[in-house]
Amino acid sequence: PDGAELAVAGDRGVGVRLLPADGGAGRVLPHPSTVYAVAWSPDGAELATADVAGVVRRWSREGDAPTRVDTVRRVMLLALAWGPAGLATGGDDGAITIWPPGQELIHRALDRGNIEALAWSPTGDRLAAATGDGFLAMNAAGRGPVDLRELGEGDALNDLAWDPNGDALAVVGERRALRRVATADGATSLPSRHTTAVWSTAWDPHGRFIATGAADGAVRLWPVQGGNPTVLSGHGDTVFAVAFDPRGERLVSAGADGRVIVWPLPSADLRAHLAAITSVCLSPAQRQTHLGEPADAALAAATACESAAGR
């Protein structure tokens, strides 16, 4: 959560690696089985890992052995999310298990295919799940009725991410699209289409961009206000995970090629400086992509520049 360290998981033999965000070898937390999901505690003091044998382990940030081990069931665990309301996990049995602090374990069966991804809302009061049958599920901290919305038309949803205010979710999957879903009324917009399946997504902490990782090996940075994405090329295979650092200054991606890449991003101050010193006339799409301007502001600035130049 402080952006100083990365937790990276992979197939059997890789274990879980803790890597300094600024570079370095890091260290390995050994696991007997493949780990597909990791999650930091909200305070960053602990790391949770979930493996394909149905085991959830908790590790102190500095320790080399787990401090707690829980066996959920004999299922393949695919998703983890840790928030103030508890540690949640889901797997190929279509069920979600939550360990609330100081309370009894909660178990909810959705029966909508695999639980592919989980995410707590920024306020910690809602849990969202993406399922293998193409459903988005939300409920209040694991309790009460479940709000089910079909988005994938039968195809799997692979990942989801909340916007910083908790008003919307970015959802991606096999339908080769990034969808934005308003949590209040379920209204769905389609900010982008991809040419291949999309496996991962993240919303930057300032709410300006949504990142996606796809099967074509590309990482795309989409302006929330609209416009063409910035395409980051560096992976040779599917990008299974993307994440922003807490300040929105770096984006991390991990792929099936075994590479973990940290991409530096221009800060809001730098974008403002670039806008102030830019003397050439950029198109509205270029202003959105390179200067981070909203669609209406980019159009107005591009029009004003062309008028001033007498074109």
So, for [X] and [Y], which heavy atoms are closest and what is the spacing to 0.1 Å?
| X | Y | result |
| --- | --- | --- |
| Ala119 | Leu160 | CB-CD1, 3.3 Å |
| Gly248 | Arg208 | O-NH2, 3.9 Å |
| Ala170 | Trp203 | N-CZ3, 3.5 Å |
| Ala79 | Ile115 | CB-O, 4.0 Å |
| Gly3 | Ala21 | O-CB, 3.3 Å |
| Phe135 | Arg112 | CZ-NH1, 3.6 Å |

Member of Thr230, Thr201, Asn228, Thr212 meeting the side-chain hydrogen bond (donor to acceptor under 3.5 Å, both in side chains) criterion with Trp222: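 Single pass found, and it is Thr212.
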Passing option when Asp93 is tested against Leu77, Asp111, Asn114, Val75 for side chain to side chain contact (heavy atoms under 4.5 Å, CB included):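 For Asp93, the side chain to side chain contact (heavy atoms under 4.5 Å, CB included) test succeeds with only one of Leu77, Asp111, Asn114, Val75, which is Val75.
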So, does [X] use its side chain to make a donor-acceptor pair with the main chain of [Y] at under 3.5 Å?
| X | Y | answer |
| --- | --- | --- |
| Arg259 | Asp237 | no |
| His206 | Arg247 | yes |
| Asp216 | Ala218 | yes |
| Asp147 | Ala137 | no |

Assess the side chains of [X] and [Y]: does a donor N or O sit below 3.5 Å from an acceptor N or O?
| X | Y | answer |
| --- | --- | --- |
| Trp263 | Ser253 | yes |
| Asp43 | Ser41 | yes |
| His31 | Asp51 | no |

What's the separation between atom [atom1] in [X] and atom [atom2] in [Y], rounded to the nearest 0.5 Å?
| X | Y | atom1 | atom2 | value |
| --- | --- | --- | --- | --- |
| Leu47 | Arg57 | CG | CZ | 12.0 Å |
| Arg108 | Asn139 | CZ | CG | 5.5 Å |
| Arg220 | His194 | CZ | NE2 | 5.0 Å |
| Ile98 | Trp120 | CD1 | CH2 | 4.5 Å |
| Glu5 | Asp22 | CD | CG | 11.0 Å |
| Asn158 | Arg175 | CG | CZ | 12.5 Å |

Examine [X] and [Y] and state if one hydrophobic cluster contains both, with Ile, Leu, Val, Met, Phe, Trp and Tyr joined whenever side-chain heavy atoms are less than 4.5 Å apart.
| X | Y | result |
| --- | --- | --- |
| Ile96 | Leu105 | no |
| Val219 | Phe240 | no |
| Val72 | Ile106 | no |
| Leu118 | Leu110 | yes |
| Trp199 | Val8 | no |

Full working for side chain to side chain contact (heavy atoms under 4.5 Å, CB included) between Gln225 and Phe209: CA-CA 8 Å; Gln225 298 296 331; Phe209 303 102; over 6 Å; no
Verdict with reasoning, Phe244 to Glu249, per side chain to side chain contact (heavy atoms under 4.5 Å, CB included): CA-CA 8 Å; Phe244 288 93; Glu249 298 172 354; over 6 Å; no
Restricting to side chain to side chain contact (heavy atoms under 4.5 Å, CB included), what partner residues turn up for [X], sequence neighbours left out?
| X | answer |
| --- | --- |
| Arg27 | Leu18, Leu29, Asp64 |
| Ser200 | Asp159, Val239, Val242 |
| Tyr36 | Asp11, Thr34, Val52, Met76, Leu78 |
| Ala39 | Leu80, Trp82 |

Charged N-O contact under 4.0 Å between Asp155 and Arg176: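 Salt bridge between Asp155 and Arg176, a charged N being under 4.0 Å from a carboxylate O: no.
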Remaining members of the apolar cluster that contains Val55, side-chain heavy atoms under 4.5 Å: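 Cluster partners of Val55: Val69.
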Would you check if [X] and [Y] make a side-chain contact, meaning some heavy-atom pair closer than 4.5 Å?
| X | Y | result |
| --- | --- | --- |
| Ser33 | Val35 | no |
| Thr49 | Arg58 | no |
| Leu6 | Val252 | yes |
| Leu251 | Val262 | no |

Those residues that, when tested against Thr97, pass side chain to side chain donor-acceptor pair (under 3.5 Å) (two or more places apart):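 Scan of Thr97 (side chain to side chain donor-acceptor pair (under 3.5 Å), adjacent residues dropped) gives Arg73, His107.
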Exceeds 12 heavy-atom contacts within 6.0 angstrom, atom CD of Glu104: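 No - once you tally the heavy atoms of other residues, nucleotides and ligands closer than 6.0 Å, there are 12 at most.
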Working for side chain to side chain contact (heavy atoms under 4.5 Å, CB included), residues Arg149 and Met138: CA-CA 9 Å; Arg149 301 172 187 177; Met138 286 182 288; 3.5 Å; yes
Side chain to side chain contact (heavy atoms under 4.5 Å, CB included) assessment of Leu136 paired with Thr131: CA-CA 7 Å; Leu136 171 66; Thr131 79; over 6 Å; no
